[in-house]
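Heads up, the thing below is written out as structure tokens.
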Amino acid sequence: MTLTLADVTLTYPDGDGRLTALDRVSLDVPEGSLTAVVGPSGSGKSSLLAVAATLVTPDEGRVVVAGQETAGLGRAEKAALRRERIGIVFQQPNLLPSLTAVEQLQVMTHLSGGTTRGARGRALELLDAVGLADKADRRPHQLSGGQRQRINIARALMNDPAVLLVDEPTSALDHERGAAVLDLLIALTRERSTATVLVTHDRTHLERADRTVVMRDGRLTEAVLS
Ligand code: ADP
Ligand code: MG
């Protein structure tokens, strides 16, 4: 298993008490497979990704990323694990306005201590993989929403992650473009053997996932697709 959450509970401070965002959640995601997570707003989907990304430490339970138990890791070790093993795609692409498409990707390597020049070949290869080989020199304002989201996905793959965490990537896209982004995520999951978790609100996507789970009030259950 490339990503394992075992009996994870996460609470947030809430007035005088605590709000339980994740309630004994367990999830195994094998490499090369995509698990879709659906559920109402506020049910804990983004919290699940934040815990899997080691951005938030759970109150209880275990998070294992690419064989690495995360419980004992310090702040710097977690940051290194995120950089080297985890790709994160947030809802909003958050691209840097002044950089071209290829530079958006190169900057990731720069941040993890590699040479930007050495990263250019890989960045171009990934832009090709997401269908944007001919847009390498465009800046964000010269690209469509769907194209920006593809760059966001390619950027998350720059450091060849074992785990890919994606939060509602299609919410700003129309149905057709959303479906194309999902196809892309499934293809990348297979080609690059990532353990992918996709939070989505679009139920029409679900039959193409390897597995679908439902979050409700912080609890995770297997989806019954009808
Ligand atoms: P979803 O992504 O399914 O909409 P979230 O994981 O964002 O759900 O939120 C789950 C619950 O935790 C919600 O009740 C939300 O208000 C609460 N919550 C999320 N983040 C925080 C936070 N940083 N501090 C306090 N409460 C939070
Ligand atoms: Mg959310």
Side-chain angles (χ1 to χ4, degrees), residues 3-29 34-65 70-71 73 75 78-79 82 86-95 145-146 148-153 155-156 161 163-175 177-179 181-182 184-186 189 194-206 208-225:
L3 172 66
T4 299
L5 274 63
D7 272 320
V8 167
T9 294
L10 172 71
T11 66
Y12 295 115
D14 180 33
D16 294 336
R18 311 280 304 176
L19 181 147
T20 302
L22 299 174
D23 189 359
R24 288 161 287 161
V25 166
S26 295
L27 183 67
D28 280 315
V29 187
L34 184 145
T35 294
V37 182
V38 292
S41 177
S43 61
K45 305 182 299 298
S46 294
S47 297
L48 175 80
L49 292 190
V51 165
T54 75
L55 290 165
V56 172
T57 305
D59 302 48
E60 286 177 63
R62 294 168 52 226
V63 179
V64 185
V65 175
T70 62
L73 299 181
R75 195 187 262 277
K78 279 187 187 168
R82 273 199 297 279
I86 304 174
I88 306 174
V89 179
F90 292 113
Q91 204 164 341
Q92 295 301 327
N94 290 322
L95 300 178
R148 287 199 286 266
Q149 194 53 281
R150 282 166 184 272
I151 291 171
N152 196 16
I153 292 165
R155 184 173 57 177
V163 171
L164 183 61
L165 305 170
V166 190
D167 201 350
E168 305 208 36
T170 64
S171 59
L173 305 179
D174 63 37
H175 180 76
R177 281 174 220 282
V181 166
L182 181 80
L184 173 65
L185 282 170
I186 290 174
T189 296
T194 55
T196 304
V197 181
L198 167 69
V199 169
T200 181
H201 62 281
D202 192 338
R203 293 195 151 259
T204 65
H205 292 166
L206 300 183
R208 279 132 81 209
D210 296 297
R211 184 183 174 200
T212 299
V213 292
V214 183
M215 272 302 257
R216 193 161 278 124
D217 293 333
R219 298 224 176 115
L220 204 62
T221 53
E222 208 71 31
V224 182
L225 296 179

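What you see below is based on every heavy atom in this structure, not just the backbone, and it leaves out hydrogens, waters and symmetry mates. As the structure lists them, so they are numbered: ligands from 1, and atoms in each ligand from 1. Keep in mind it's a predicted model, so treat the numbers as computed, not measured.
- With Leu22 as reference, Val51 is the one residue of Thr11, Val51, Val56, Thr9 to meet the side chain to side chain contact (heavy atoms under 4.5 Å, CB included) rule.
- The closest side-chain heavy-atom distance from Leu198 to Leu182 is below 4.5 Å.
- Contacts classified as salt bridge (charged side-chain N to carboxylate O under 4.0 Å, His left out) and involving residues 37-61 (residues at least two apart or in different chains) are not found.
- Protein heavy atom at the shortest distance from atom 3 (O) of ligand 1 is Lys45 NZ, 2.7 Å.
- When side chains are defined from C-beta on, Pro169 does not count as touching Gln91, because their heavy atoms never get closer than 4.5 Å.
- Within ligand 1, counting atoms from 1 as listed, the ones closer than 4.0 Å to a heavy atom of Ser46 are 1 (P), 2 (O), 6 (O), 7 (O).
- Here the shortest heavy-atom pairing between Val65 and Ala52 reads CG2-O, 3.8 Å.
- Within a radius of less than 2.8 Å around the Mg ion (ligand 2), the protein N, O or S atoms are Ser46 OG.
- Distance from atom 6 (O) of ligand 1 to its nearest protein heavy atom, with residue and atom name: Ser47 OG, 2.6 Å.
- Distance from atom 8 (O) of ligand 1 to its nearest protein heavy atom, with residue and atom name: Gly44 N, 3.1 Å.
- Of all protein heavy atoms, the one closest to atom 10 (C) of ligand 1 is Gly42 O, 3.4 Å.
- Contact annotation: for Leu19 versus ligand 1, heavy atoms closer than 4.0 Å belong to the side chain alone.
- Applying the side-chain contact (heavy atoms from CB on, under 4.5 Å) rule to Asn94 yields the partners Gln92; only residues at least two apart in sequence or on another chain are considered.
- The side-chain contact (heavy atoms from CB on, under 4.5 Å) search around Pro161 returns Leu157, not counting sequence neighbours.
- Here the side chain of Thr70 pairs a donor or acceptor atom with the backbone of Val63 at under 3.5 angstrom.
- Of all protein heavy atoms, the one lying nearest to atom 18 (N) of ligand 1 is Tyr12 CE1, 3.3 Å.
- Counting protein heavy atoms under 4.0 angstrom from atom 16 (O) of ligand 1 gives zero.
- Looking only at distances, no side-chain donor or acceptor of Thr189 sits under 3.5 Å from a matching main-chain atom of Thr194.
- Between the Asp210 side chain and the Leu34 main chain, a donor and an acceptor come within less than 3.5 Å of each other.
- Of all the atoms in ligand 1, the ones that sit under 4.0 Å from a non-hydrogen atom of Pro40 are 3 (O).
- For the atom pair CE (Met215) and OG (Ser41), the distance works out to 12.0 Å, reported to the nearest 0.5 Å.
- Checking only distances, Pro13 never comes within under 3.5 Å of ligand 1, N or O to N or O.
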